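Scroll down for the structure; my scribbles are underneath it.
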Amino acid sequence: MGVHEKSKTANTASHNHPLHFSTFANLSREYWILVVVALLFNLGNSSDAFLLLRASQVGITAAFVPLTLLVMNLAYSLSAYPTGVLSDRLGRVKLLLAGYLLYALVYLGFAFVQAAWQVWVLFALYGLHLGMSQGVLLALVADKVPAALRGTAFGFLNLAVGIALLPASILAGELWQHFGSTSTFIISSIFALVAALLLVFNNSNHL
């Protein structure tokens with residue numbers, strides 16, 4: 001008597017959950033506004049290469065330019081846990097708003113920075129912004145979306161952000177080439193402010 005393997009066809013079909021456009025209709029208005037907020041913010045969130053170029057432009061030598069990213073990541077890693085705890089006390093919307101406003105100030109600082117020591121401070125503050133905002137947006141999405149739809153919600157949010165990053169860097173490059181580095185960082189700061197304003201408008205009852 002031989003051993004027969006069970007057919008996997010039926011099991012595969014029963015666990016197959018194809019994506020339907022109707023799924024998106026079940027996502028709340030608050031979720032879609034968060035997507036628009038993230039999209040607006042990331043349209044001004046160009047590649048960090050522009051920050052390195054600005055550091056070099058201000059006068060940091062080529063050997064030390066990569067260390068600016070070390071400062072940024074160190075500030076990010078040190079701030080991620082405390083800001084996560086803070087989000088539970090102050091609320092995620094307030095912390096994300098603060099992160100966006102800090103980003104706007106940091107990029108405005110990069111627009112007008114004059115001394116090398118200021119660049120180091122700005123990179124540290126940029127890392128703090130990352131700690132305040134990277135995980136908070138995802139946590140907000142999880143709060144606004146039913147558990148069964150979170151995979152779709154996170155997937156579409158990441159798609160929207162990914163789509164925004166390419167034109168963001170193209171826009172930054174064009175601004176830098178034709179109008180100088182100052183305009184690049186000012187426009188990025190404006191995008192962050194617009195995203196913050198939309199976040200405030202949509203959550204005015206929770207602030």
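Quick caveat: nothing in here was measured; it's all calculated off a predicted structure.
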Is there a side-chain contact between N202 and R29, using heavy atoms and a 4.5 Å cut-off?
yes
Main-chain N/O of A153 paired to Y31 side chain as donor or acceptor, under 3.5 Å:
yes
With side chains defined as the heavy atoms from C-beta onward, is the minimum distance between L108 and I186 less than 4.5 Å?
yes
Rounded at 0.5 Å granularity, tell me how far CZ in F41 sits from CG in L96.
8.5 Å
Non-hydrogen atoms of M72 and D48 that approach each other most closely
CE-OD2, 4.0 Å
Looking at S46 and S169, would you say the former's side chain and the latter's main chain have a donor-acceptor pair under 3.5 Å?
no
L102 reachable from L197 in the ILVMFWY side-chain graph, under 4.5 Å edges:
no
Do L157 and L34 have side-chain heavy atoms sitting under 4.5 Å apart?
no
Specify the closest pair of heavy atoms between A168 and L43, including all atoms of both residues, with the distance to one decimal.
CB-O, 3.2 Å
Would you find more than 12 non-hydrogen atoms of other residues, nucleotides or ligands less than 6.0 Å from W117 atom CH2?
no
Between S77 and N73, is there a donor-acceptor pair closer than 3.5 Å when you use the side chain of the first and the backbone of the second?
yes
Please lay out, stage by stage, how V106 and H129 fare under the test side chain to side chain contact (heavy atoms under 4.5 Å, CB included).
CA-CA 9 Å; V106 166; H129 144 74; 5.7 Å; no
With under 30° as parallel and over 60° as perpendicular, where do the rings of W176 and F50 fit, or are they tilted in between?
tilted
Treating Ile, Leu, Val, Met, Phe, Trp and Tyr as nodes and any side-chain heavy-atom pair under 4.5 angstrom as an edge, say whether V141 and V36 lie in one connected cluster.
yes
Any donor-acceptor pair under 3.5 Å from S188 side chain to F185 backbone
no
Within the distance-only criterion (no hydrogens, no angle test), does the side chain of T182 pair as donor or acceptor with the backbone N or O of A111 below 3.5 angstrom?
yes
F191 and L171: CA distance, side-chain angles, deciding distance, side chain to side chain contact (heavy atoms under 4.5 Å, CB included) verdict
CA-CA 12 Å; F191 270 113; L171 174 62; 3.9 Å; yes
According to a hydrophobic-cluster definition based on side-chain heavy atoms being under 4.5 Å apart (Ile, Leu, Val, Met, Phe, Trp, Tyr only), do F179 and L53 belong together?
yes
Find the distance between CG (N45) and CG (L40) and round it off to the nearest 0.5 Å.
12.5 Å
Would V136 and L138 show up in the same hydrophobic cluster when neighbours are defined by side-chain heavy atoms closer than 4.5 Å?
yes
Do you know the tightest heavy-atom contact between L52 and F123?
CD2-CZ, 4.2 Å
For I33 and L198, what are the C-alpha separation, side-chain angles and deciding distance, and is it a side chain to side chain contact (heavy atoms under 4.5 Å, CB included)?
CA-CA 8 Å; I33 291 180; L198 179 57; 4.2 Å; yes
Closest non-hydrogen atom pair, A75 against L128:
CB-N, 4.1 Å
Given 3.5 Å as the limit, does a donor-acceptor pair link the side chain of S183 with the main chain of G180, or not?
yes
Using modelled atom types only, decide if a donor and an acceptor are shared between the side chain of Q134 and the backbone of L130 within a distance under 3.5 Å.
no
Would you call the rings of F110 and Y107 parallel, tilted or perpendicular, where under 30° means parallel and over 60° means perpendicular?
perpendicular
Which heavy atom of M132 sits nearest a heavy atom of G99, and at what distance?
CE-N, 3.7 Å
Could you see if I60 belongs to whatever hydrophobic cluster contains F112? Use Ile, Leu, Val, Met, Phe, Trp, Tyr and a side-chain cutoff under 4.5 Å.
yes
Parallel, tilted or perpendicular, as decided by the 30° and 60° cut-offs, for the rings of Y126 and Y103
tilted
When you measure from the side chain of N42 to the backbone N and O of A38, does any donor-acceptor pair fall under 3.5 Å?
yes
Does a sphere of radius 6.0 Å around CZ in F154 hold more than 12 heavy atoms from other residues, nucleotides or ligands, not counting ones at 6.0 Å or beyond?
yes
Could you walk me through whether L27 and L149 pass the side chain to side chain contact (heavy atoms under 4.5 Å, CB included) test, one step at a time?
CA-CA 8 Å; L27 295 171; L149 296 177; 4.0 Å; yes
Testing the basics here: between R92 and D143, what is the closest heavy-atom pair and its distance to 0.1 Å?
NE-OD2, 2.6 Å
For A142, does its backbone N or O pair with a side-chain atom of R150 as donor and acceptor, under 3.5 Å?
yes
With a 3.5 Å distance limit and no angle check, can you tell me whether T83 reaches the backbone of G131 through a side-chain donor-acceptor pair?
yes
Would you call L122 and V113 a side-chain contact if the rule is heavy atoms closer than 4.5 Å?
yes
